[in-house]
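Note that ligands are numbered from 1 as they come in the structure, with each ligand's atoms numbered from 1 the same way.
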Amino acid sequence: MKLWEGRFTQPSAKSADDFNQSLSFDYKLYWHDILASIAHVKMLGETQIIPKEDADKISDTLVNMLADIEKGNLEIDGAEDIHTFVEDELTKRIGAVGKKLHTARSRNDQVATDMRLYTKDSIVNVCGHLKTLVETLLDIANNNVQFIMPGYTHMRRAQPISVAQYFNAYSEMFLRDIERFTDCYKRTDVMPLGSCALAGTDLPIDRRMTASLLSFSEISQNSLDAVSDRDFVAEYLFCCSTMMAHLSRFCEDLILYSSDEFGFIEIADEYSTGSSIMPQKKNPDIPELIRGKTGRVYGYLMGMLTTIKGLPLTYNKDLQEDKEALFNAEETVLGCLSIFNELLQHISLDTRKMRTAAASGFSTATDVADYLVQKGMPFRDAHAVTASIVRHCIDNNKTLDKLDLFVYQSFSSLFEEDILTRVRANKSVEARKVIGGSARSAVRENIRSITKRLNRMFKD
Ligand code: ARG
């Protein structure tokens, strides 16, 4: 049955019903919809807007319906949307009493409430996945504090860095993602129920009671805004998009670093694919797919922002479009996070290749300049002197650590014996003891700090 058909003289066309319906995707809200209805009807009973025994009967039946859905004994089908389905089923089970559930409520505030409840749970779920991922990264970092690799800018070897520092960099990004989702949670944690269709109700409802039954921290303060606000969905999608950007960058690194050209990382066979024509190929399909799926998550965000932008106050059916964006983004994000975490647990690092690459390509030239600065030379002059030394090496097919001391001294009398060890990649990494730098002590401190912040984020 349609909740609104009384006003019409003709039944709606089947094609129109098919186009209007949202049950094919909003069935996902059944849990939250029924919970919100239970809270609502309890409040209606407590405030004596409906008789207490009617409220109890409705609430008990809703609990049974939820159990039946969970057990697979009640199929969600045959209605315009999940709200209609639940009400239909309720009245099927207990007759006219069931019709009292929708007192002092509209589907407009109901759907906004369901969506907020769903989004809150989804945020907790995504953050749990992110926590697992950071823990995996911390494991890798802890096992690789002593190893070095090349650090890149412009995709050219720049300076040697610590392998652990590299993995910590992604932990930092994912920590920010958790923070962003947590912040989004605060704005999602506001209950719109009681706003009704758009203007509130003249019935003496107790919104605070419903909010506390549903564990909402706050209640909305303007009914017009409350039924039409989907900022929290857009914000959730932005959090997903930023997180996917980080995941995608990581995937790009893995794809490059696992190539024959780099050979730093090996992705386990179980998480790789082959080619149907080239027998030698081992392809990084999983990181490529994650990189690819980032596009669609951005798409859901763009779609949602565009849906919102031209809407007059208050509720408009356009808002039904929020669901597929949210559900699809959530599914994509959770899928990517869990497979990526597994893949990461199965990578192996060729630390010898990393070390060799870190030492080549004049990657310690900055150390030469810093050496001169420590001896009192202004940095710009030190930069110029070092550039001449690098030029000399290129012309004479030499490396910085294979250059004789007298050659260094021909460029500046400030050079002494210790320059020859200072230009070794290991020394270069160790010398950067600054907070956030690549020295072992700094990297260990970074690991401690990441662990501390992660624990703090999940302390309650
Ligand atoms: N399926 C609808 C949605 O998702 C529920 C709200 C319908 N409200 C209405 N006034 N037609 O937005």
Side-chain angles (χ1 to χ4, degrees), residues 1-8 11-37 39-40 62 69 76-91 99 101-122 188 190-201 210 214 220 222-237 300 303-331:
M1 196 196 80
K2 295 198 184 70
L3 300 173
W4 40 264
E5 65 192 2
R7 180 225 178 278
F8 293 84
S12 52
K14 161 113 181 37
S15 52
D17 285 348
D18 289 347
F19 192 73
N20 256 321
Q21 68 82 31
S22 52
L23 189 66
S24 59
F25 45 88
D26 71 10
Y27 71 91
K28 273 184 170 249
L29 293 173
Y30 76 84
W31 175 268
H32 301 95
D33 192 73
I34 293 178
L35 280 195
S37 287
H40 179 67
L62 288 170
I69 295 173
I76 303 177
D77 201 7
E80 179 184 334
D81 56 27
I82 187 63
H83 327 295
T84 315
F85 171 81
V86 171
E87 221 181 303
D88 279 356
E89 180 63 27
L90 183 70
T91 31
K99 295 184 187 168
L101 171 62
H102 214 51
T103 310
R105 188 178 78 172
S106 149
R107 279 186 298 164
N108 297 352
D109 59 345
Q110 189 182 356
V111 72
T113 304
D114 292 1
M115 285 295 281
R116 283 177 183 267
L117 287 170
Y118 187 98
T119 306
K120 283 193 338 168
D121 281 351
S122 178
T188 308
V190 181
M191 188 192 75
L193 207 58
S195 303
C196 300
L198 75 163
T201 178
T210 323
L214 288 172
S220 59
N222 182 304
S223 62
L224 308 179
D225 176 47
V227 294
S228 66
D229 171 26
R230 293 296 184 277
D231 293 0
F232 64 99
V233 180
E235 199 173 341
Y236 170 91
L237 294 171
Y300 299 132
M304 193 64 229
L305 288 172
T306 313
T307 295
I308 295 170
K309 98 181 215 331
L311 294 187
L313 275 177
T314 59
Y315 178 85
N316 300 270
K317 189 69 173 240
D318 315 44
L319 292 174
Q320 181 166 288
E321 288 291 305
D322 62 353
K323 285 161 206 69
E324 283 156 299
L326 180 82
F327 301 152
N328 293 348
E330 179 193 41
E331 197 182 322

Looking at residues at least two apart in the chain, or sitting in another chain, which of them share a ring-ring contact (aromatic ring centres under 6.0 Å, His included) with [X]?
X    : answer
F327 : Y118
F19  : none
F232 : none

Handout entry: Interatomic distance, S220 atom OG to D229 atom CG [nearest 0.5 angstrom]
Key = 9.0 Å

Handout entry: More than 12 heavy atoms from other groups under 6.0 Å of NZ on K317
Key = yes

Atom pairs and distances, ligand 1 N/O vs protein N/O under 3.5 Å:
| residue | atom | partner | partner atom | Å |
| --- | --- | --- | --- | --- |
| ligand 1 | 1 (N) | S22 | OG | 3.0 |
| ligand 1 | 1 (N) | D81 | OD2 | 3.4 |
| ligand 1 | 1 (N) | Q320 | OE1 | 2.7 |
| ligand 1 | 4 (O) | K323 | NZ | 2.6 |
| ligand 1 | 8 (N) | N108 | OD1 | 3.0 |
| ligand 1 | 10 (N) | N108 | OD1 | 3.0 |
| ligand 1 | 12 (O) | Y315 | OH | 2.4 |

Exercise for the section: Going by the side chain to side chain donor-acceptor pair (under 3.5 Å) test, name the single residue among D121, T113, T119, D114 that passes it with H32. Expected result: D121

